[in-house]
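One structure is given below, encoded as structure tokens.
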Amino acid sequence: MLDIRVIRENPDLVKQASANKGDPVEVDAILELDTKRRELISKADELKSERNAVSAEIPKRKKAGEPVEDIFKRMREVGESITELDDTLREIDEKLSDLMLKAPNIPHESVPVGDESANQQIREWGEIAKPEFAVKPHWEIGEQLDILDMAAGVKISGSGFYALKGAGARLQRALISYMLDTHGADGFTEIAPPFVVNSASMQGTGQLPKLRDDMYHIAKDDLWLIPTGEVPVTNLHREEILSAESLPISYCSYTPCFRREAGAAGKDTRGMIRVHQFDKVEMVKIVHPDTAYAELETLVAQAEKILQGLEIPYRVLLLATGDLSFAYSKTYDIELWSAGVASWLEISSISVFGDFQARRMNTRYRDDKGKPKFVHTLNGSGLALARLIPAIMENYQNADGTITVPKVLQSYMGGLTKIG
RNA sequence: GGUGGAGUGGCUGAGUGGUUGAAAGCGGCGGUCUUGAAAACCGUUGUACCUGUGAGGGUACCGUGGGUUCAAAUCCUACCUCCACCGCCA
């Protein structure tokens, strides 16, 4: 959520910044409601003040044996006016908070303005191999080796689900362990959170109200399947005031992710690339505002470390304003080369939110004067398994149709060096 | 799922419907004393919003929402959470 004071003081800046994101904030409507709201509060507070003063008089009058009926009559009217004002205020508040919750975060000044084509490549790592043979896409080699079963997913659940089998399933488990161990060694605390969360959590990290249709909802219990580990892990500190010394907090977490991918049918959907359920290791940081943008760089480096360990070439992009998602103020994407589909695939998205999520979650820390201030939050995939496994199947594919197990994973796979 | 009990400030814990933002204790912070520390003593110690350049003034908040009343931490109601016991269960 944006700070309403920023909108009051710099309405044009907010208009421009949100327009750059392609998701304009309704600044004028917000300001109008904000003015109305403050008027109502002032009026209601005045009446409440009067009521409180009179209420203090009543017991004195009673003691003195003076009549109180006339006061009761007047106060009943005052009470009715208060109720009326409060009712109107509640309506205004609801409208205002709806607009505020739907207003996107504004991009950081270092973010290039423009659409996708304005994304900047920051760096590239590793050599893209040029094998002598035709690399099979992961869904082909996976079926051939009987480690990936797309048809099973369709039968059991429907389109957009898959099953890993044998060495494929074990490869995923090895990757999860490898990633969590790497992050853990670098000071990230491992979290095993709930995979089903309430609406307050979804609102806290920014999925609700706007992304309602992208998520699976359990109507009977009003609970949501998490679209990313970011949701439960960041919400660990919802409604909390943290000590300044406890910052930065670094978490890593393995979770499945559930996404309806409404409207995405038919769009580069082959194999595991765009599915309704996939596994991911997520990194979350809760930091002091002063360090947020430096932390973003270290978080990107942490994700890169995984790919470097796996020796898979990648590139890092700085996303332009038009490609930035709702809650982010700055995002780096890490993409790796998929030989099977001959294109770059996003495997990680590392973002800083500023105080956007902290405001929604009411997560604060105490500054050196002891006053509560909003923390800043970040997160990044470290990494998404449903993209990483295909990348391994393709980058580590051999001419004879086998797949070499990356060195760092071999110990996690009981010494297995080759699948097939 | 059933029955019973309970939810008050950082913590423990008082609170007859009317100066109760809320006793007391602990903790925290500041000070006196001390070479230093401890102890003792004194003072101080919530959050958010509205208003004001500021000093300040005002309002709200005792699990959450609704209700009764001139007035609610206190009464009614629904829900949530926790504890105990019973049932079920990986």
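The phosphate of U51(B) has OP1 or OP2 within less than 4.0 Å of a side-chain N or O from Arg38(A). Applying the 4.0 Å criterion to OP1 and OP2 of U47(B), one finds that Lys371(A) has a side-chain N or O inside that range. Regarding contacts with the backbone of U59(B), a side-chain N or O of Asn52(A) is found under 4.0 angstrom from either OP1 or OP2. A close approach under 4.0 Å does not occur between any side-chain nitrogen or oxygen of Arg364(A) and OP1 or OP2 of U47(B). In this structure, Arg366(A) reaches the U47(B) phosphate: one of its side-chain N or O atoms is under 4.0 Å from OP1 or OP2. In terms of phosphate contacts, Ser49(A) brings a side-chain nitrogen or oxygen within less than 4.0 Å of OP1 or OP2 of U59(B).
With C1' as the reference atom, G28(B) and U81(B) are 29 Å apart, rounded to whole Å. Between U12(B) and G27(B), the two P atoms lie 15 Å apart (nearest whole Å). Between C89(B) and C11(B), the two P atoms lie 39 Å apart (nearest whole Å). Taking atom C1' in both A60(B) and G65(B), one finds a spacing of 16 Å when rounded to whole Å. Spacing between U51(B) and C33(B) at atom C1', rounded to whole Å, works out to 45 Å. Of the P atoms belonging to U59(B) and C42(B), the separation is 32 Å, rounded to the nearest Å.
Atom CD1 in Ile4(A) sits roughly 14 Å away from atom C1' in C50(B) (whole-Å rounding). Rounding to whole angstrom units, CZ of residue Phe72(A) and P of G17(B) are separated by 16 Å. To the nearest angstrom, P of G65(B) lies 13 Å from CD of Glu94(A). When rounded to the nearest whole Å, the span between NZ of Lys48(A) and C1' of G58(B) equals 11 Å. Rounded to whole Å, the distance from CD on Glu50(A) to C1' on A60(B) is 18 Å. Going from atom CG of Asp93(A) over to atom P of C49(B) covers 13 Å, rounded to whole Å. Spacing between atom CD1 of Ile82(A) and atom P of U69(B) amounts to 15 Å, rounded to whole angstrom units. Between the C1' atom of U51(B) and the NZ atom of Lys43(A) lies a distance of 15 Å, rounded to the nearest Å.
More than 12 heavy-atom neighbours from other residues, nucleotides or ligands sit within 6.0 angstrom of CD on Glu240(A).
Considering only side-chain atoms of Arg90(A), the nucleotide from U59(B), C50(B), G66(B) that sits closest is G66(B). Side-chain proximity of Arg5(A) to the nucleotides C49(B), G18(B), A60(B) is greatest for C49(B). Nearest nucleotide to the side chain of Pro59(A), out of C70(B), G58(B), G18(B): G18(B).
With hydrogens and angles disregarded, a donor-acceptor distance shorter than 3.5 Å links the side chain of Asn105(A) to the backbone of Ala327(A).
How far CZ of Arg260(A) is from CG of Leu225(A): 11.0 Å, rounded to the nearest 0.5 Å. In this structure, the separation between CD on Glu282(A) and OG1 on Thr234(A) is 7.5 Å, given to the nearest 0.5 Å.
Base pairing analysis places A23(B) opposite nothing; no Watson-Crick or G-U wobble pair with both distances below 3.5 Å involves it. Taking a pair to require two hydrogen-bonding distances under 3.5 Å in either a Watson-Crick or a G-U wobble arrangement, G9(B) remains unpaired. For C29(B), the paired nucleotide is G43(B), the pair qualifying as Watson-Crick or G-U wobble because both relevant distances are below 3.5 Å. Across the strands present, A84(B) finds its partner in U3(B); the criterion is a Watson-Crick or G-U wobble pair with both atom distances under 3.5 angstrom. Pair assignment for A48(B): U59(B), on the basis of Watson-Crick or G-U wobble contacts that are both within less than 3.5 Å. If you check C75(B) for Watson-Crick or wobble pairing at under 3.5 angstrom, you find it paired to G67(B). Base-pair partner of G17(B): not found among the strands shown (Watson-Crick or G-U wobble, both distances under 3.5 Å).
Nucleic acid contact for Lys369(A): none, since no nucleic acid atom lies under 4.0 Å from a heavy atom of the residue. Contact annotation for Arg74(A): no contact, since no heavy-atom pair falls under 4.0 Å across all strands. Residue contacts shown for Arg61(A) are absent, as no nucleic acid heavy atom lies under 4.0 Å away. Contacts of Ile71(A) with the nucleic acid, taken as non-hydrogen atoms under 4.0 Å apart, are absent.
With 3.5 Å as the limit, one finds no donor-acceptor pair spanning the side chains of Lys330(A) and Ser351(A). Side-chain contact annotation: Asp149(A) with Tyr162(A), donor-acceptor N/O pair under 3.5 Å absent.
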Quiz item: What do the steps show when you test Tyr332(A) against Glu297(A) for side chain to side chain donor-acceptor pair (under 3.5 Å), and what is the final call?
Solution: CA-CA 9 Å; Tyr332(A) 290 108; Glu297(A) 303 301 324; 2.7 Å; yes

